[in-house]
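Nothing here was measured: the structure is a model prediction, and the numbers come from that model. Within every chain, numbering begins at 1; the chains are lettered A, B, ... in the order of the sequence lines, protein sequences first and strands thereafter. Side chains are part of it too, since the values below use all heavy atoms of this structure and drop only hydrogens, waters and symmetry mates.
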There are 2 protein chains.
Amino acid sequence: MKRQIDTTLESISKQLNVSISTVSRVLNGKSKKYRISKKTTDLILKTAQQLDYIPNQLARGLRLKMTNTIGLIIPDIANPFFAKIASLIEKSARDNGFSVIVSDSEEKTEVEISSLQTLTSRKIDGIIISPVGGQSKHLASIKNRNIPIVTIDRQCLDLELPFVGSDNFKGAFTAVNYLVKNGHTRIAIIQGIKNTSVNIDRVNGYIEALKENSISIDKRLIVGENFGEGNGYVEASLLLNIEKRPTAIFATGNLISLGALRAIYEKKLRIPEDISIISFDDQPYSSYLATPMTTVAQPNHEIASIAFRLLMDCIETNKTMEPYKILLPTKFIIRDSVAKITTH
Amino acid sequence: MKRQIDTTLESISKQLNVSISTVSRVLNGKSKKYRISKKTTDLILKTAQQLDYIPNQLARGLRLKMTNTIGLIIPDIANPFFAKIASLIEKSARDNGFSVIVSDSEEKTEVEISSLQTLTSRKIDGIIISPVGGQSKHLASIKNRNIPIVTIDRQCLDLELPFVGSDNFKGAFTAVNYLVKNGHTRIAIIQGIKNTSVNIDRVNGYIEALKENSISIDKRLIVGENFGEGNGYVEASLLLNIEKRPTAIFATGNLISLGALRAIYEKKLRIPEDISIISFDDQPYSSYLATPMTTVAQPNHEIASIAFRLLMDCIETNKTMEPYKILLPTKFIIRDSVAKITTH
DNA sequence: TATAGTTGCACAATCGTTTGCGCAATTATA
DNA sequence: TATAATTGCGCAAACGATTGTGCAACTATA
């Protein structure tokens with residue numbers, strides 16, 4: 001079955017016996033600039049409509065070196081935190097006449113590298129990425145090609161790139177400090193991927209809160225290795241089994257806390273009577289959990305909209321990007337998952 | 001700041017004093033077919049590598065009429081049901097060398113129409129869409145242009161298009177029948193968007209289950225108008241206020257049930273003692289809710305992978321699509337949100 | 001030593017746009 | 001009635017790739 005031939009500038013031009021350029025100019029609204037008569041203009045407009053002309057953006061992009069497309073690379077589209085951000089960015093993009101090619105890096109550097117490759121081969125005008133972390137040569141290469149790029153959620157540590165994200169240090173500090181103020185001293189943290197900036201900042205916030213309250217750091221309580229549900233489950237299970245069980249768990253991500261819940265309930269423990277928990281990332285369901293969960297909410301709207309604006313600025317001005325680092329405040333939402341412990 | 005010049009076939013060809021075609025053929029692995037000597041081949045390969053050549057997919061796409069890109073249009077990327085599907089489809093696509101342009105239609109036909117336009121202007125090779133419903137002229141137009149398209153989750157009612165989704169009728173029937181078997185007779189349903197196939201099927205499943213159990217249909221118990229959290233909240237609030245309150249609520253989507261929970265807890269009611277609830281869409285958190293929720297789980301993995309395979313088949317064979325309708329079974333997951341009612 | 005076959009590559013058209021420049025025809029000015 | 005200015009539009013190059021065809025030079029065959 002043959003694909004039927006699309007309407008092109010040429011087909012319109014032939015039908016009307018005018019040149020392709022004239023058609024192009026009219027359809028781009030440049031009639032006055034190029035002094036195309038009203039008669040011709042109207043005629044072209046009408047037939048374009050009739051023939052249902054849709055410009056070929058490949059040809060346009062090739063000629064114009066501009067595709068009105070951006071790339072979005074995130075580590076896990078299904079993670080509600082990223083899903084929300086993706087949806088917000090897509091909307092901003094759409095409102096500005098941009099399409100977005102989404103790519104899930106699955107927390108793997110190789111995937112990130114190859115996605116970056118396909119994106120540049122597709123001549124996207126800019127990239128928003130939450131990098132996997134670790135290596136950054138491939139990001140440096142993007143920067144060198146002068147492709148506008150902004151990082152979100154996770155910063156690139158050894159490369160100056162514009163960044164928009166939460167103040168993870170403060171967010172974690174506040175949460176852990178709250179636990180301490182409620183009498184907790186044995187507080188565990190289940191971390192995400194170790195060499196990501198988010199994780200480093202959250203762990204540091206945890207450590208600093210303990211230090212400031214003169215609580216010694218117990219390395220056995222700093223566990224975990226990725227942001228998945230499975231990690232939360234495994235680590236929480238282990239934590240609940242150690243001799244002197246922690247009285248509180250600080251989960252550094254929404255999937256981690258879900259896994260922790262699974263472990264906790266599997267052991268028939270109660271929250272917060274038997275164990276307290278605080279999670280990073282507030283979710284729509286957080287209030288409706290068996291024990292409404294105390295969380296550190298991230299400003300996803302702001303992250304998405306600022307990141308997009310930064311990118312647009314750079315695309316439009318075509319300047320080399322200022323490596324802004326924008327840290328947005330988190331919001332600490334107190335619910336019922338933390339017990340007040342009274343020691344004596 | 002000028003964007004630096006990319007490496008092209010031409011720049012390589014000039015550097016080596018060979019023709020562009022030779023470079024092209026070598027880089028496409030067609031050396032033997034076109035009898036390019038090993039010496040030339042190796043040389044070209046090497047310099048391409050050195051110069052970090054990345055093919056321009058716009059040019060390729062223009063010439064080849066094939067972009068290795070598909071479009072994905074869904075009504076709400078942030079809805080975890082769609083987020084999961086999007087992530088699965090993106091992965092399949094990536095594994096097959098395809099990129100995906102994602103577009104959120106926000107449940108609005110106009111947005112859907114314009115997204116379809118941009119997608120076709122970008123010359124995507126195929127489309128996976130969960131249509132808003134209502135109109136379908138724009139989808140017919142896609143079909144007429146012979147652009148491969150498959151619908152997921154929601155069928156197009158007045159247009160023959162391949163479809164992959166859950167057996168919503170049975171899913172709803174099972175759920176409501178379960179409520180009845182547990183002694184419920186006043187069962188409310190909070191529906192989503194009325195003219196979507198998903199919704200129609202779920203409501204019909206509800207009605208049929210009642211009929212089969214000789215329970216008369218009370219129209220005041222069939223409420224709601226979209227799949228959002230707000231709708232769930234509003235309708236549940238109203239339902240809880242009517243004189244003879246229903247004993248059970250069947251929420252036809254995960255966000256709806258979240259809104260219902262908000263309404264229920266706001267009124268200090270208990271689940272299931274005061275009111276039972278069943279929700280469509282199982283979610284990772286469903287077991288950890290204040291009352292673990294009984295749900296109708298949809299096979300998102302299968303939906304995503306089958307839809308993608310269908311699309312690929314069509315793209316590769318370039319045949320006109322068979323309008324397959326694939327209905328996948330749902331899974332009824334019983335937890336604690338339904339009370340057994342004993343009347344006498 | 002002609003002729004045929006093979007090897008190794010280049011030419012040029014094509015995909016659908018955009019845009020600087022040029023040029024005829026028309027109108028305005030002197 | 002010449003000349004100048006304006007109006008209205010077409011030509012052709014360029015963007016970067018792919019591919020059918022052609023054509024030298026070289027090797028093999030008779």
Distance, rounded to the nearest Å, where [X] contributes [atom1] and [N] contributes [atom2]:
| X | N | atom1 | atom2 | result |
| --- | --- | --- | --- | --- |
| A:Ile20 | D:dG10 | CD1 | C1' | 11 Å |
| B:Met66 | D:dT19 | CE | P | 12 Å |
| A:Arg35 | C:dA24 | CZ | P | 15 Å |
| A:Lys30 | C:dT17 | NZ | P | 14 Å |
| A:Leu9 | C:dT19 | CG | C1' | 13 Å |
| A:Ile44 | D:dC9 | CD1 | P | 8 Å |
| A:Asn28 | D:dC9 | CG | P | 16 Å |
| A:Asp42 | D:dG8 | CG | P | 13 Å |

Full working for side chain to side chain contact (heavy atoms under 4.5 Å, CB included) between B:Leu16 and B:Ile44: CA-CA 8 Å; B:Leu16 297 180; B:Ile44 291 177; 3.8 Å; yes
Closer than 4.0 Å, any side-chain N/O of [X] to the OP1 or OP2 of [N]?
| X | N | result |
| --- | --- | --- |
| B:Ser24 | D:dT19 | no |
| A:Thr40 | D:dG8 | no |
| B:Ser19 | C:dA10 | yes |
| A:Tyr34 | C:dC21 | no |
| B:Tyr53 | D:dG16 | no |
| A:Lys65 | D:dG16 | yes |

Side chain of [X] only, heavy atoms from C-beta on: which candidate in [options] is closest?
| X | options | result |
| --- | --- | --- |
| B:Leu62 | C:dC15, C:dT17, D:dT7 | C:dC15 |
| A:Thr8 | C:dG16, C:dA12, D:dA17 | C:dG16 |
| B:Arg25 | C:dC15, D:dT21, C:dT17 | D:dT21 |

Between B:Ala59 and B:Thr22, which has a closest nucleotide on DNA chain C that is more 5'?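 On the 5' side of the pair lies B:Thr22.
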Would you mind telling me which residue lines up with the more 5' stretch of DNA chain C, B:Thr41 or B:Leu64, judged by nearest nucleotide?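 Nearest-nucleotide comparison on DNA chain C picks B:Thr41.
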Answer yes or no: is there an ion pair linking B:Asp95 with B:Lys91, defined by an N-O contact shorter than 4.0 Å?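 Yes, charged N to carboxylate O under 4.0 Å.
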In terms of side-chain geometry, is the basic nitrogen of B:Glu110 or B:Lys108 positioned less than 4.0 Å from the acidic oxygen of its partner?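 So B:Glu110 does not pair with B:Lys108 through a salt bridge.
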Distance criterion of 3.5 Å, no angle test: do you see the side chain of A:Ser21 paired donor-to-acceptor with the base of D:dC11?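 Pair found.
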Hey, which sits more toward the 5' end of DNA chain D by its nearest nucleotide, B:Pro55 or B:Lys33?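 Closer to the 5' end of DNA chain D: B:Pro55.
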Distance only, no hydrogens: is a donor on one side chain within 3.5 Å (strictly under) of an acceptor on the other, for A:Ser99 and B:Thr118?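 Judged by distance alone, the side chains do not pair up.
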Do A:Ser87 and B:Asp104 get their side chains close enough for a donor-acceptor pair, meaning under 3.5 Å?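 A:Ser87 vs B:Asp104: no donor-acceptor pair found between side chains.
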Does NZ belonging to B:Lys14 count more than 12 external heavy atoms closer than 6.0 Å?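 No - once you tally the heavy atoms of other residues, nucleotides and ligands closer than 6.0 Å, there are 12 at most.
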